[in-house]
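Only one structure is covered here, and it is reproduced in the block below.
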Amino acid sequence: MKRIALIAVAMLACMACGESGKEQSAIRLLEEAEFNTVIDGKQVALYTLTNSNGMTVQLTNYGARVAALWVPDRNGTFHDVVLGYESIDEYLSGDAYAGPVVGRYGNRIREGRFTLDGKSYELNRNEGKNHLHGGSGGWWSKVWEAGPIAKEDCGCESITFSLRSPDGEQGYPGTVDIRITYLLSHDNTLALIYEATTDAPTVLNPTSHCYFNLHGSTMQSTDTHLLEIRADSFTPTDAELIPTGEIVSVEGTPLDFRTPTPIGQRIDDDFEALHFGKGYDHNFVLNRTGDLSIAAIVTEPSNGIRMTIHTNQPGLQFYSGNGMTGNGVGKWGNRFNYRSGIALETQNFPDAPNHPNFPSSVLRPGETYRQLTVYGFDTVE
Ligand code: BGC
């Protein structure tokens, strides 16, 4: 799909997501001054997009990340449903994966090694002997070029962050040019439109690593969220969370989210994959129904907030925040408490470069990588 088509599809993707039409409560904005700094000689800043319903997203070009996302609940009260920090200094010392684009390769590559066109490549190993989320100098740690906030034809606001990743970065071949556009529409959808090209064959799998908590507070666990994942199967892993290469049915397992189920209901079941992940930390093989399919729907019954995720990607990594320790204070005094934020990462399968039976993650010169993922918000009674 070309970019224009991607934007059109993005805006149609969540037709069901309507306006709240109710009185709105105040939104507490992050302060631009707290993000105004220079890192690696590049200017870092905070950008704010708002739609006609008051839904607001704040983004920073440090890691092309979502810093705040305010959506209304069933009473019109707004909640900031992503975890993050109030200043760039806290981002630099806090959880590296709070809201950024991770890449070049989201999730793990076994032993930081793969072979492409007969040549083997050694990547940075930042998790034991494995490579995670693009390595210790992954895209989440880079200052991206930020475009101006743009007005699209729909009157919606968007912003594009772009990055040139040099040949050999973290061990990957090819100079890769990537850009991501965040487009906030008036139907309460936030579209993430990724495009990338390369000057030499490489592998690529960027994803957004927001931690969501639909309560808007990490004092309340995500265990109560009802989760539906449109996937009949998943990719089992070994104890280091590296895929074995198998594709296994979710039927009869705690990974069967084909009907909405509270996240906490089976999270501690005696099931090997849950032991390995210390909770949910698995790649689901999405049932695709077209260019853009529903990947997951998350609902918090207490306030009615519902998030619907559409994507054109083959996989969804569901990580239930099992590594969060409660250390470090995030925005609005929210600690990153154990299992208080869920990541739902639309992507190719982990370690696909080492599994010929997984969808290809190879990008070649002359091709354009395109990912469209849309987060839509509405409420249920
Ligand atoms: C991975 C987890 C990892 C986490 C870090 C997730 O995408 O699946 O294994 O611990 O990112 O935030």
Side-chain angles (χ1 to χ4, degrees), residues 63-67 82-85 90-112 124-141 192 205-213 218 222 227 229 231 234-244 255 257 263 267 272-286 295-296 298 309 311 313-328 330 334-352 358 361 371 373:
R65 80 183 61 218
V66 179
V82 295
L83 275 59
Y85 299 95
E90 292 164 303
Y91 273 104
L92 290 171
S93 60
D95 186 321
Y97 305 125
V101 170
V102 296
R104 294 187 185 187
Y105 207 95
N107 211 278
R108 294 175 176 79
I109 294 182
R110 176 166 40 96
E111 295 179 4
N124 169 269
R125 295 171 183 180
N126 57 332
E127 196 194 51
K129 59 183 193 300
N130 300 315
H131 175 86
L132 175 68
H133 292 334
S136 56
W139 289 347
W140 48 269
S141 68
L192 280 60
N205 185 29
T207 187
S208 168
H209 201 292
C210 287
Y211 295 118
F212 293 99
N213 182 320
T218 61
T222 49
L227 176 63
I229 300 179
F234 73 108
T235 53
T237 68
D238 63 15
E240 293 186 355
L241 302 181
I242 303 292
T244 59
L255 273 65
F257 281 97
I263 290 174
I267 197 167
E272 185 182 65
L274 289 176
H275 295 316
F276 289 162
K278 300 183 177 60
Y280 291 105
D281 196 353
H282 304 97
N283 172 60
F284 289 76
V285 178
L286 296 173
V298 196
I309 304 175
T311 190
Q313 292 300 289
L316 179 82
Q317 182 80 15
F318 167 37
Y319 169 61
S320 53
N322 317 306
M324 293 177 176
T325 57
N327 287 334
N334 280 313
R335 286 189 176 277
F336 282 42
N337 291 325
Y338 182 56
R339 293 181 180 163
S340 66
I342 56 169
L344 292 161
E345 304 153 68
T346 53
Q347 57 183 27
N348 200 334
F349 301 176
D351 200 31
F358 287 179
S361 59
Q371 177 182 161
T373 293

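Counting starts at 1 for both ligands and their atoms, following the listed order.
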Lys/Arg N to Asp/Glu carboxylate O, Arg110 vs Glu240, below 4.0 Å | no
Glu127 and Arg108 ion-paired at < 4.0 Å | yes
Please work out whether the ring planes of Phe318 and Tyr280 are parallel, tilted or perpendicular, with thresholds of 30° and 60°.
-> parallel
Aromatic plane relationship, Tyr91 with Tyr85 - under 30° parallel, 30 to 60° tilted, over 60° perpendicular = perpendicular
Protein residue, atom and distance nearest to [atom], heavy-atom basis:
atom	answer
atom 5 (C) of ligand 1	Tyr97 CD1, 3.6 Å
atom 12 (O) of ligand 1	Tyr211 OH, 2.8 Å
atom 8 (O) of ligand 1	Asp281 OD1, 2.5 Å

Hey, are Gln317 and Asp281 close enough side-chain-wise for a donor-acceptor pair under 3.5 Å?
-> yes
Part of Asn107 within contact of ligand 1 (heavy atoms, under 4.0 Å) | side chain
Contact check: Glu345 vs ligand 1, nitrogen or oxygen atoms, below 3.5 angstrom | yes
Report the member of Gln317, Glu127, Arg108 with the shortest heavy-atom distance to atom 3 (C) of ligand 1.
-> Arg108
